[in-house]
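Written out below as structure tokens is the structure these notes cover.
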There are 2 protein chains.
Amino acid sequence: MTRRVTIHDVAAAAGVSVATVSKAVNGRYGVSPETVSRVLDAVRALGYESSLVASSMRSRRTGVIGVLVADIEPFSAEILKGVGGALSGTGYDLLAYTGARRDGEGWERRSLSRLSGTLIDAAILVTPTVVNVAAEVPIVAIDPHTGRADLPTVESDSFTGAQQAVHHLVQLGHRRIGFIAGRPDLRSAVARASGYREALSAAGIPFDPALVGQGHYEQDVAREAAHAMLALPDPPTAVFAANDLSALSIVEVAAARGLRVPDDLSVVGFDDVPEAARAQPPLTTVRQPMKILGAEAVRMVLALLAGEELPETHLQLATRLVARGTTAPPPRR
Amino acid sequence: MTRRVTIHDVAAAAGVSVATVSKAVNGRYGVSPETVSRVLDAVRALGYESSLVASSMRSRRTGVIGVLVADIEPFSAEILKGVGGALSGTGYDLLAYTGARRDGEGWERRSLSRLSGTLIDAAILVTPTVVNVAAEVPIVAIDPHTGRADLPTVESDSFTGAQQAVHHLVQLGHRRIGFIAGRPDLRSAVARASGYREALSAAGIPFDPALVGQGHYEQDVAREAAHAMLALPDPPTAVFAANDLSALSIVEVAAARGLRVPDDLSVVGFDDVPEAARAQPPLTTVRQPMKILGAEAVRMVLALLAGEELPETHLQLATRLVARGTTAPPPRR
DNA sequence: GTGAAAGCGCTAACAT
DNA sequence: ATGTTAGCGCTTTCAC
């Protein structure tokens with residue numbers, strides 16, 4: 001807990017003004033070589049490192065890309081890995097930010113206005129709660145909000161993904177297939193719901209509203225929904241959950257109710273977060289390329305930063321079913 | 001990309017001075033209720049949010065805890081999840097930072113001096129490359145550097161963990177057991193190496209330096225080491241890797257060399273990152289409680305922030321072997 | 001080539 | 001109760 005070394009300390013040590021130190025450190029013209037080396041010696045001796053905060057107040061560029069997430073959970077963590085990987089070697093630092101107040105709506109607006117223009121050069125919003133945000137920096141949204149966004153977006157093909165999930169269950173012989181929906185304000189959740197219904201109808205299975213629960217992409221909420229659904233007089237033999245966390249909740253609830261998975265109940269998730277494979281039994285799920293979503297968002301943001309025009313402003317990536325241990329033919333009556 | 005709304009805009013809109021806006025927004029005394037509401041109306045109307053950067057320059061406290069990581073890989077991602085979870089509900093925001101220049105040594109020093117004292121109220125350093133760092137904020141290190149640190153630290157019991165790994169292999173009948181070491185500057189890596197040797201000697205197996213490779217906790221480096229080790233005239237029948245990423249590399253290299261895991265070669269990792277369970281076959285590993293490491297670091301940092309004395313400055317958590325699919329008895333000759 | 005001074009957006013004395 | 005003033009650490013004109 002020592003006092004921070006400021007540019008003033010360096011200036012004093014090198015016997016020059018702070019302005020000269022600034023120039024020397026940032027390699028500006030108009031400083032003699034001797035002065036530069038004297039300043040840099042002082043910098044080294046004192047262990048000086050300019051304050052991100054102070055310098056970002058004055059100069060526009062900071063060399064930092066911000067990723068705003070509501071929460072660090074398996075999905076956003078994968079995105080972060082992808083962003084980090086894509087950023088490495090670009091010279092940009094990565095700053096991931098989670099606001100303490102997760103009071104739903106608009107957390108990213110708050111975080112964004114707190115950081116943007118000053119601290120970060122560009123932002124990547126993960127599962128934002130609003131369609132558009134104003135900021136003085138380039139922004140890309142991953143897994144965006146419903147409504148046509150002005151923002152460039154990156155997402156998976158959730159509609160087809162959901163169809164893959166339901167199709168898989170239908171193939172196994174299931175006819176009563178439940179659905180635990182995701183966050184209704186996200187396009188991905190809406191698309192997964194549509195894909196579910198579409199696949200049902202393609203298989204000639206009538207839609208039963210009793211078999212749809214709200215999971216909000218959240219473990220606890222999904223747990224409630226799963227309990228309700230499995231308590232139905234005519235419960236489903238299979239459930240498709242809009243994300244893996246929800247699917248894992250279902251498996252847990254099923255076990256608590258004495259149902260064996262997959263013998264008594266099949267479960268399919270969505271995402272394929274690393275945790276899905278580790279579950280017992282390993283979760284059958286629809287894989288979306290999370291790291292690539294992150295990497296693509298970086299590509300876009302970097303292009304925007306370079307002043308380029310984006311060839312594609314709304315990227316959609318393919319999903320693929322990964323059959324593991326939570327799906328099997330329905331139990332026979 | 002609109003211009004940022006500043007406190008001046010609010011002041012102008014509400015017809016008061018910026019100081020009054022600041023007071024109203026921060027709930028300071030000495031502002032009439034009418035003025036407060038007029039100001040807050042303007043804040044809402046304009047969508048004003050104070051700049052983290054600007055406010056942190058003036059006031060000491062920002063309400064942000066920083067986590068400094070070299071890289072976002074599976075291990076640090078788990079730590080982040082733990083930190084995020086522990087921070088939720090505390091009122092603190094979480095800021096994770098990765099420097100672009102991963103030029104080894106001292107990245108955290110740079111990041112820390114860029115952020116500390118100004119942007120963040122406290123820092124958690126994950127696998128730092130230096131023993132001590134000076135900063136004007138409380139700091140806790142997770143998986144710390146070798147050497148007795150002045151910093152409070154949180155880590156797993158790597159020595160016992162390594163013994164568990166080797167013991168498991170010995171139990172299965174292995175006698176030629178290789179080791180892929182971790183980052184030699186980290187205490188955890190040193191302890192895992194000692195645990196390996198200790199367990200070997202406890203089993204009456206002579207130590208063979210040819211069976212030790214350097215993996216640096218990195219996938220690529222470990223791959224090299226694995227290749228070399230498996231090319232030995234008398235190769236090991238089992239390898240213990242200092243982390244899961246390295247273990248996964250070994251499995252990959254073994255496959256490339258035509259060895260079946262676990263039939264021809266057993267592999268044990270360390271960490272139990274989510275990716276370990278998803279591997280094919282699922283990795284046998286020594287689990288360390290990464291999320292808890294993160295949560296404990298938060299506890300410490302919060303206590304420090306509250307001005308409390310830490311009852312324990314060097315926390316060590318227990319590990320446990322998780323036997324999965326990459327270990328089996330050695331092939332018979 | 002170098003330094004003085006202004007100012008980024010904000011908060012905290014200090015005046016009024 | 002409100003406004004004025006002085007910086008926080010830095011970069012950037014603009015004099016010298």
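All values below come from the heavy atoms of this structure, side chains included, with hydrogens, waters and symmetry mates left out. Within every chain, numbering begins at 1; the chains are lettered A, B, ... in the order of the sequence lines, protein sequences first and strands thereafter.
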Which nucleotide in [options] has an atom nearest any side-chain atom of [X]:
X: R58(B); options: dG7(D), dG9(C), dA6(C); value: dG7(D)
X: A19(A); options: dC10(D), dT4(D), dA4(C); value: dA4(C)
X: I7(A); options: dT11(D), dC10(C), dT12(D); value: dT11(D)
X: M57(B); options: dG9(D), dC10(C), dT2(D); value: dG9(D)

Under 3.5 Å, sequence neighbours excluded: what are the donor-acceptor pairs made by side chains of residues 292-309 of chain B?
| from | atom 1 | to | atom 2 | distance (Å) |
| --- | --- | --- | --- | --- |
| E296(B) | OE1 | R299(B) | NE | 2.9 |
| E296(B) | OE1 | R299(B) | NH2 | 2.5 |

Q: Report which part of the nucleic acid V16(B) touches: base, sugar-phosphate, or nothing (heavy-atom distance under 4.0 Å, all strands).
A: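 It contacts sugar-phosphate atoms only.
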
Q: May I ask you to verify if any side-chain N or O of S22(B) is less than 4.0 angstrom from the OP1 or OP2 atom of dT11(C)?
A: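 So the side chain of S22(B) is within the cut-off, an N or O lying under 4.0 Å from OP1 or OP2 of dT11(C).
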
Q) Are any of R28(A)'s side-chain N or O atoms less than 4.0 Å away from OP1 or OP2 of dT11(D)? A) no

Q: Quickly work out the L119(B) CG to dG9(C) P distance and round it to whole Å.
A: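 In whole Å, dG9(C) P and L119(B) CG are 16 Å from each other.
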
Q. Only one of V16(A), T20(A), V43(A) clears side chain to side chain contact (heavy atoms under 4.5 Å, CB included) with R38(A); which?
A. V16(A)

Q. Given axes from five pairs at either end, by how many degrees does the helix from dG1(C)-dC16(D) to dT16(C)-dA1(D) bend, rounded to 10°?
A.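 Axis-to-axis angle, ends of the helix: 50°.
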
Q) Which residues within residues 32-48 of chain B lie with some heavy atom under 4.0 Å of an atom in DNA chain D? A) S32(B), T35(B)

